[in-house]
Structures are given as structure tokens and as C-alpha cells.
Amino acid sequence: MNPLKLVVVTAGLTQPSSTRLLSDRLGEAVTRQLADEGRGVDVHVIELRELAVDIANNFVTGFPSPALNAELEAVTAADALIAVTPIFTASYSGLFKSFFDVVDNTALTGKPVLIAATGGTPRHSLALEHALRPMFAYLRAVVVPTAVYAAAEDWGAADAEGLSGRIARAAGELAELMAGRPATSHATDEVIPFEQQLAALRAQQ
Amino acid sequence: MQFGIFTVGDVTTDPTNGTTPTEYERIKAMVRIALKAEEVGLDVFATGEHHNPPFVPSSPTTMLGYIAARTERLILSTSTTLITTNDPVKIAEDFAMLQHLADGRVDVMMGRGNTGPVYPWFGQDIRQGIPLAIENYALLHELWRKDVVDWKGRFRTPLQGFTSTPRPLDGVPPFVWHGSIRSPEIAEQAAYYGDGFFANNIFWPKEHYMRLIGLYRERYAHYGHGTPEQAIVGLGGQVFMRKNSQDAVREFRPYFDNAPVYGHGPSLEDFTEQTPLTVGSPQQVIDKTLTFREYFGDYQRQLFLMDHAGLPLKTVLEQLDILGEEVVPVLRKEFAKNRPAEVPDAPTHESLLANKPDEVPVEAR
């Protein structure tokens, strides 16, 4: 069986960032769970920081640079997505949103997505539910029930019900959806034959 | 193969000195540029149609009629004529009139227009953009081919026993190109009628246009107009030239950096690498333009965008001298090499007249 393609989109700005750290832990947890079931996973990480200028240029010119285009194609072809952003000013970061603004609005249809975020305070955790989840709902993605939020203090907690527990639960949910997934198929450009387009107009007269 | 220029007709401040032409100056400059196109041996001048500032060409057949009177050879065209918001009856009449005045040196490029607010100014709804383009063109096609038209559609009042006037010159409708930046439906429409397809080829990487032209060629053959290689393809292009490429880059950079469409974005270097824009020596322009054939197949018409982003008239005229003297003669020679005999030239009034089916004599009707 071909390995499943897991793409991790991470919008942390520092290097290293806690957002990347969370992304890696989620990616590893999903890979481990699928490995237990005998499924291989190819993990591809997209650091949005490296694409910040290309994403801005896409807004100005209307088309992606070759580097950005390669990542957009990776997202489109993925079997599942892990999307992780720092919470800025009560929502996802502008860079995170900008990336998904240039993703084709049908690219995530039916795709399993795990959402996660980092923040300085636990008081922002519901931004995942109020900002990220509706955005992915609009894109018709299948967002797993557990969203993972890591505040500064979570990194030090060791109890199983804490961050590690949430990572394991979310990863399990994503792995389950991935395991049941057929190989990713691609829709090709479909053109409605011209007679049909004309006939549709006549029928409405 | 035909070579020419197309213009958007924007009034843009020259970023190097802050001067902005008046509408009068810009309109006269567009005419001067068209006349220059004929002087330097180009084949085609095409003007855009816009109804909002900062653009001036709202009335293309008025401008083209004036240019027709002052030229001998130049083919007058559009880039594009709004098939969605213009009444097809008025398009049929305006362009037939222009055909007579210009002795047949007329063709027309249909486009939908992508400026949402324009639609309600002409009583239309942008959500109906594609259906409008389809229905209006179907009517226009009929008006040019049938002397008396009975017609009923969704978007305008019905016609009963209507004759658009004047009739097309020699009974030959102007050749039609369909211009599109992104819609496969329009490539399909062009293929259905056996009309030409023009890919703007300016803003985006070539791969995008390769898909659209590939689709048009395939569907052109599907509808029985010829082989895919015989489909009638036009391409845009955008160049700025000086003898030394460094001079071209230095002079064009402020215009690029501030251009309304792509300015304040990627560097000139990245943009020229990723899109068909060429800024450099005439030889670099020749080399880049010749690659178009490899990507899109042998084609019929190449139009360059030369006057935009605030470039002064004097500079544009210099550019046209270089284009006409150093670039196009080489392109004509090179594009002719290894061009299969079955690939046709772009249709003209003369070629369409020569291939017109014999008229049934009046007595026999």
C-alpha cells in the first residue's frame, strides 16, 4: 500500500518556534498511530515563514511563485492536513489566514484536518473553535473533534490529561479518518459542452 | 503570422516625474501609437473597452473609425469588446459600419469584462456573466449572418423581423476572437463557432494559458473545424527594450514597480522569470517570443502591450520603432521556418471573402 500523505502547515514565526514544536509532536503522533496499524505516512512540513513574501506577492499578482505553487500542490494532493498557528490578537495569525486565502477554495473539500494553536495564555484557546474551525468548515474540510491548544504553561505540565493527552486524542481521530481514506484522486478540468450551455439558456426562457 | 499591439487605454501617472496626461492627451496618444504601428510595419492595432476611470476608451469604434481614415493597411481590432454589457444589436451595427469605412480591415475580440460595477451601469448582473456572454454572442452571430432575424432570449427584448444595418461588408462578418484570462467556458465557445481564441498571456505564468489553449485546440477539432493545429490562436505579450539590456531594466524598473496591475509586488527579475514579460535587448525579446511557439503551438497573431503604466508617448514611439525595425522582421522569418503548410494564417476580410460559399443566384431562390 502506498504511504499516506500528511501535510503539516505551521505558521510559527521564530526559529525554533513553539508552534513548530507542537506541529512536530502532532505529526509524530499521527505517524505512530498509523504505523501501529501498518500504514506508512509521508510527512511534509510547510513553514509559512519561508513563504511569507511569496504569499504577499500572490495577493499582488494573482498567481503563486514556483516555490509557493509547489506547496499549494502538496496541500491539494495531501490525504490529510495538520494546520497549526500562533494565536495573535484573538485569532489565527495573518500569515496563516493569508496562506489559506491563496489555497484554491475546493482544494480541501472532504479532506481530514487537525487544527492546533499556540498562545501565551490559556485564555485564547477558544480561538480554535471560533476562528479556525469555521474557516475550515467553509473550505468543506472534515475537521476532527479535538482541537489542540498549547499555552506557555502547558509545555511544563506532565499529566496525561494535559497537552500530551490532547495530542494523542486528536492524532487518533485524524489517523482513524486517514486509515479509512481511499487514495487521493484529482478532479480534472471539466467543460460543459457548448450545446448544453446554450440549451440551458433556452430552457429558462 | 500577424504582429501588432494592444492597448488598455489607462491614464497613469508617470512615476518618474509625477506627470499625468489629460484624457485628451491620452486619447490622442493612443491614436498616434496606432498610426505609428502602421508606419513601422505592424499588422494590427487593438484597443480595450472600459467605462471607468482611469481608462479612456469607452467608444472603440469611434476611435477605430478615426484611425481607419488615416491608415491604409492596419487591421483594426479590440481587446476586448464587452459582449456581456453591450447590446449585441449595437455591436453588430457598430462593427459592420466600421467594416465599410475601413474597407474590411476590421476584426473584433469578445471579452466578458471583469469589473463588477460595470454590469449594473448597463443594466446587467455580473452573476450572469457567462450566460450573458453565451446568449449575446449567439444573437450577434445570427445578426451578422441572417438578413432578417426573429429572436427570443433571456436577457433582452425579443426581435421580430429585425435587420441590423448596415449589413456586413460583402456579406462577410468580421472575424471574431474570444479573449479570456481564465474561463474554460470561453475557450469552449470559441471552439464551437470555429472562431479565434486569444490568450492574454500577460499576467500569469505560461502553464495557465497552455491549459486554456490546449482545451480550445482540442475542442476546435471536436467541432469539426479542422485539426487542433489548425485552430486560430492569438497571444499577448509584454516587452520593454533598449539596445543594452541593463539600460532597458534601469529605465523600465520604476514603471514596473509602480504599475497598477503588478506593482509593489515581486521584483522585476522574478516577474520576468515567471511570466512572459521581457525587459531587455531586442534579441532577448526575439528569443522569449519564439519560445511561445514551443508552448502553445504554431499560432496566428501576436499582440504586444506597449503603452501602459505611465510610459511617456515619446518612449512608446521609440519602443515601436525597435519593435518594427529590429524585432518583428526577425520574428516573421523565424516563425515561418518549419511552420506546417496546413497551419492557416489568421483570417482576414480578403481570405474570408475568397472562401465564402457561392451565393445562390437571386433567380434560383
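Each chain gets a letter, A, B and so on, in the order the sequences are listed, and its residues count up from 1.
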Looking only at heavy atoms, which two atoms of B:I186 and B:G179 are closest? And how far apart?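 Taking B:I186 first and B:G179 second, the nearest heavy atoms are CG2-O, 4.0 Å.
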Evaluate B:F6 against B:T80 for side-chain contact (heavy atoms from CB on, under 4.5 Å), listing each step before the verdict. CA-CA 9 Å; B:F6 65 139; B:T80 61; over 6 Å; no
Salt bridge check: are A:R32 and A:D36 linked by an N-O gap of less than 4.0 Å?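 No.
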Taking NZ, NE, NH1 and NH2 as the nitrogens, is one of them in B:E269 or B:R253 under 4.0 Å from a carboxylate oxygen of the other?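 Here B:E269 pairs with B:R253 in a salt bridge, since their nearest N and O are under 4.0 Å apart.
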More than 12 foreign heavy atoms under 6.0 Å from CZ of A:R123: is that the case here?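 Atom CZ in A:R123 is not packed in, count stays at 12 or less.
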Evaluate whether atom CD of B:E273 has more than 12 neighbouring non-hydrogen atoms of other residues, nucleotides or ligands under 6.0 angstrom away.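 Not buried by this count: 12 neighbours or fewer within 6.0 Å.
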Residues 48-68 of chain A: residues contacting chain B (heavy atom under 4.5 Å, by number):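 Heavy-atom contacts from residues 48-68 of chain A to chain B are A:N57, A:V60, A:T61, A:G62, A:F63, A:S65, A:P66.
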